[in-house]
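Data first, discussion second: the structure below is written as structure tokens.
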Amino acid sequence: GEDVEQSLFLSVREGDSSVINCTYTDSSSTYLYWYKQEPGAGLQLLTYIFSNMDMKQDQRLTVLLNKKDKHLSLRIADTQTGDSAIYFCAVHNNAGNMLTFGGGTRLMVKP
Amino acid sequence: DGGITQSPKYLFRKEGQNVTLSCEQNLNHDAMYWYRQDPGQGLRLIYYSQIVNDFQKGDIAEGYSVSREKKESFPLTVTSAQKNPTAFYLCASTRNPLGRANEAFFGQGTRLTVV
């Protein structure tokens with residue numbers, strides 16, 4: 001099955017850029033997602049990228065996909081204290097209509 | 001507004017009891033999922049269902065059971081066989097067949113505590 005890995009923790013200063021990384025194993029993955037979870041809540045979709053794209057930008061968010069290395073990253077520009085949350089990478093595989101999640105990266109933004 | 005609703009938000013279970021967590025969606029999604037989240041850990045798939053009256057075990061199905069009698073509903077029962085049930089449980093749904101972006105919609109979660 002698919003394995004999705006993320007680093008556990010990231011700390012940045014307010015106003016800096018944050019880069020959250022994710023690696024996955026299944027090269028046939030079609031859609032790749034970034035979700036945000038605030039304390040005690042469910043997950044909310046931030047953005048996604050289709051596997052035939054290298055980059056997608058959406059306001060302060062930039063997603064980069066390196067298919068060769070099976071590496072996905074999420075860059076948050078001008079990080080704010082409200083961006084403090086857990087960020088999950090999720091990978092979708094057509095064959096099983098399954099979403100596999102990484103372990104989540106806890107982003108802490110210091111004022 | 002369409003969405004996915006979990007209830008209750010908090011649930012307390014005594015040792016040896018079965019409890020059922022509710023998940024309802026009005027998004028007309030075919031696929032529904034149950035995930036377990038432990039502190040500092042990611043999401044682990046318990047069960048999923050891609051169509052009514054059919055469901056499949058996920059990675060950690062032991063001690064859990066589900067049913068899918070209606071498209072809108074996918075309740076999860078945590079049985080007494082689940083030795084460590086204290087966790088945050090998340091229900092999700094996705095459209096099936098795949099669309100342009102098969103976004104998963106999540107409920108707000110149920111926090112289950114064994115007392």
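In what follows, every chain begins at residue 1, and chains take the letters A, B, ... in the order their sequences are listed.
With chain A as the partner, the residue from B:R44, B:Q108, B:K9, B:Q56 showing the most heavy-atom pairs under 4.5 Å is B:Q108. For the set A:A90, A:G102, A:A41, the entry with the most heavy-atom pairs within less than 4.5 Å of chain B is A:A41.
For A:E5, the CD atom is loosely surrounded, since the number of other residues' heavy atoms within 6.0 Å does not exceed 12. Residue-environment remark: CD (B:E62) stays at or below the threshold of 12 foreign heavy atoms within 6.0 Å.
When hydrophobic clusters are built by joining Ile, Leu, Val, Met, Phe, Trp and Tyr residues whose side-chain heavy atoms come closer than 4.5 Å, directly or via intermediates, A:L43 is grouped together with A:Y31. In terms of hydrophobic clustering, with Ile, Leu, Val, Met, Phe, Trp and Tyr side chains grouped at heavy-atom distances under 4.5 Å, A:L64 and A:Y33 are assigned to different clusters. B:V114 and B:Y89 fall into different hydrophobic clusters, where Ile, Leu, Val, Met, Phe, Trp and Tyr residues are linked whenever their side-chain heavy atoms come under 4.5 Å apart, directly or through other members. In this structure, A:Y48 is a member of the same hydrophobic cluster as A:L32, with clusters built from ILVMFWY side-chain heavy atoms closer than 4.5 Å.
Contact check for A:T100 versus B:L43: no side-chain heavy atoms found under the 4.5 Å cut-off. Annotation: side chain of A:Q44 is not in contact with side chain of B:F105 (no heavy-atom distance under 4.5 Å). Within the 4.5 Å cutoff, side-chain heavy atoms of A:Q37 are placed close to those of B:L90.
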With ring pair (Phe, Tyr, Trp, His ring centres under 6.0 Å) as the criterion, how do A:F101 and B:F106 come out once you've worked through the C-alpha distance, each side chain's angles and the decisive distance to 0.1 Å? CA-CA 13 Å; A:F101 285 83; B:F106 281 83; 5.7 Å; yes

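Put simply, the side chain of B:Y48 never gets that close to the backbone of A:L99: no donor and acceptor are under 3.5 Å apart.
With a 4.5 Å cut-off on non-hydrogen atoms, A:L8 touches chain B through its side chain but not through its backbone.
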